[in-house]
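See structure below.
Note that the numbering runs from 1 along the sequence shown for the chain. Every number for a ligand or one of its atoms is a count from 1 in the order of the listing.
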Amino acid sequence: MTISKNSVTVLANHLKKNPDSKVIFLVGAGASTSCGIPDFRSPKTGLYHNLSKLNLPYAEAVFDVDYFKENPKPFYTLAKELYPGNFKPSEFHYLMKLFEDKGRLKRIYTQNIDTLEREAGISSELVIEAHGSFASNHCIECAKEFPLSVFKDKLDSANAKGEFSYAKCSECKGLIKPKIVFFGENLPEAFFNTWDDDVEWLSKRHNATEDLIIVAGTSLTVHPFASLPSEVPDTSRRGLFNLGLVGDFEDNPRDDDIFIEGLLDEIAHKLATELGWLEELELLIKAE
Ligand code: CNA
């Protein structure tokens, strides 16, 4: 594994030497912390650390469907804070958009529910929202779909004490929630199907080692997403942009892995500089 102060240069050189190579990003909450959305697990600033005000029996209960049925308030409180529109994409999101503009983006798999990849203008067919998003609503009992306003209006009508009335299904009176994957719920089929297709595509590429899979801003603890890096064919090259070594990069490092330790926006800035893309990146950010 390459771990050095020059890791950004190693990665940039790989991209420059292989102009036909494409990149698949696997991203997590660390992509959006600089936008003001806390991640789950960073000590002191993570959501799990800050959930104490919601009186949850355990932090993950906020995304537990059985707990939601009993007490929707913690999820509503969190959803009000995280609802799309409240935040702007980061420099790193715009770098991923620039990879698309340069014809170098194969796909982004995101665990994030904040839709900031879409906000950055990345084409929807290139983004797999593995844990769903706020972009559609459904009844948790009968799966009937509802317009966004049905849930959003309830968030907006919280009283001064932060209490909500809850969105309920017109057919069966079940609770309505955004299609965010809770613990105990299945991931979207598109996640599994597209990943299988992309792995096959990687395996069949003539010079597969040229393609890069960049894992960024995730603790790689939530499965099945966390196992994706281990499924990358060893004919492709893996990179990790993160504050620390995680998951398969720590447990089963590969000789040609590239680990770039640091904050994603700083890494994005340095990488764009090395690739000669900085001016375009800054234009994208300015145009927001
Ligand atoms: P996590 O477990 O909180 O891990 C975040 C990782 O990112 C950690 O390894 C941090 O060290 C690292 N990190 C944090 N900030 C930065 C930064 N600026 N630069 C580089 N690295 C950084 O979150 P995961 O994404 O691994 O966990 C998966 C969960 C988080 C998914 O189910 C998401 O739905 C959920 N989540 C999403 C959001 C969002 O949509 N923005 C926010 C919080 C949690």
_With respect to Leu263, determine whether any N or O atom, backbone or side chain, lies less than 3.5 Å from an N or O atom of ligand 1._
no

*Can we call the ring centroids of Tyr76 and Tyr166 under 6.0 Å apart?*
yes

*For Ile214 and Phe241, what are the C-alpha separation, side-chain angles and deciding distance, and is it a side chain to side chain contact (heavy atoms under 4.5 Å, CB included)?*
CA-CA 7 Å; Ile214 296 178; Phe241 300 178; 3.7 Å; yes

*Would the Phe25 and Tyr109 ring centres measure less than 6.0 Å apart?*
no

*With a 4.0 Å heavy-atom cut-off (strictly under), which part of Leu264 contacts ligand 1: side chain, backbone, both or neither?*
both

*CG/Leu126 to CZ/Arg107 distance, rounded to the nearest 0.5 angstrom?*
6.5 Å

*Aromatic ring pairing Phe75/Phe134, orientation class (parallel under 30°, perpendicular over 60°, tilted between)*: parallel

*Please write down residue, atom name and distance for the protein heavy atom closest to atom 2 (O) of ligand 1.*
Arg41 NH1, 2.3 Å

*Give the numbers and elements of all ligand 1 atoms closer than 4.0 Å to a heavy atom of Thr33.*
15 (N), 16 (C), 17 (C), 18 (N)

*Tell me, with the steps shown, if Trp195 and Leu26 meet side chain to side chain contact (heavy atoms under 4.5 Å, CB included).*
CA-CA 11 Å; Trp195 178 250; Leu26 309 179; 4.0 Å; yes

*Near Ser32, which atoms of ligand 1 are under 4.0 Å from a heavy atom of that residue?*
41 (N)

*Nearest to atom 34 (O) of ligand 1 by heavy atom, Gln111, Glu129, Glu60: which?*
Gln111

*Hey, is Gly244 one of the residues with a heavy atom under 4.0 angstrom from ligand 1?*
no

*For atom 5 (C) of ligand 1, which protein heavy atom lies nearest, and how many Å away is it?*
Asp39 OD2, 3.5 Å

*Is the Lys NZ or Arg CZ of Lys177 less than 6.0 Å from the centre of Phe182's six-membered ring, within 45° of the axis?*
yes

*May I ask you to check whether Ala29 has an N/O atom sitting below 3.5 Å from an N/O atom of ligand 1?*
yes

*asked:* Using a 4.0 Å cut-off to any heavy atom of Val222, which atoms of ligand 1 qualify?
replied: 28 (C)

_Tell me the protein heavy atom at minimum distance from atom 37 (C) of ligand 1, and give that distance in Å._
Asn112 OD1, 3.7 Å

*Identify, for atom 11 (O) of ligand 1, the protein heavy atom at the shortest distance, and state residue, atom and that distance.*
Leu243 CB, 3.5 Å

*Can you tell me if Thr33 uses its side chain to pair, donor with acceptor, with the backbone of Asp39 under 3.5 Å?*
no

*Run the salt-bridge test on Asp248 and Arg238 with the 4.0 Å N-O cut-off and return the result as yes or no.*
yes

*For Ile122 and His93, which heavy atoms make the closest approach, and how far apart are they?*
CD1-O, 3.9 Å

*asked:* List ligand 1 atoms under 4.0 Å from Gly28, heavy atoms only on the residue side.
replied: 25 (O)

_Strictly distance-based, threshold 3.5 Å: is any side-chain N or O of Ser133 a donor or acceptor partner for the main-chain N or O of Ala135?_
yes

*Aromatic plane relationship, Trp277 with Phe99 - under 30° parallel, 30 to 60° tilted, over 60° perpendicular*: perpendicular

*Short list, please: which atoms of ligand 1 are under 4.0 Å from a heavy atom of Asp114?*
39 (C), 40 (O), 41 (N)

_Give me the nearest non-hydrogen protein atom to atom 31 (C) of ligand 1 as residue plus atom name, then the distance to 0.1 Å._
His131 ND1, 3.2 Å

*Which residue supplies the protein heavy atom nearest to atom 9 (O) of ligand 1, what is that atom called, and how far is it?*
Asn242 ND2, 3.2 Å

_Considering both backbone and side-chain atoms of Ile113, is one of its nitrogen or oxygen atoms within less than 3.5 Å of a nitrogen or oxygen in ligand 1?_
yes

*Hey, does Pro38 sit under 4.0 Å from ligand 1 if you only count heavy atoms?*
yes

*Could you tell me if any non-hydrogen atom of Gly262 lies under 4.0 Å from any atom of ligand 1?*
yes

_Please list the nearest protein heavy atom to atom 17 (C) of ligand 1 with its residue and the distance rounded to 0.1 Å._
Gly30 O, 3.6 Å

*Top protein contact for atom 8 (C) of ligand 1, by heavy-atom distance*: Ser219 N, 4.1 Å

*May I have the step-by-step check of side chain to side chain contact (heavy atoms under 4.5 Å, CB included) for Ile267 and Phe92, ending in yes or no?*
CA-CA 8 Å; Ile267 297 170; Phe92 176 73; over 6 Å; no

*Relative to atom 7 (O) of ligand 1, which among Ala268, Ala226, Gly36, Gly217 owns the nearest non-hydrogen atom?*
Gly217

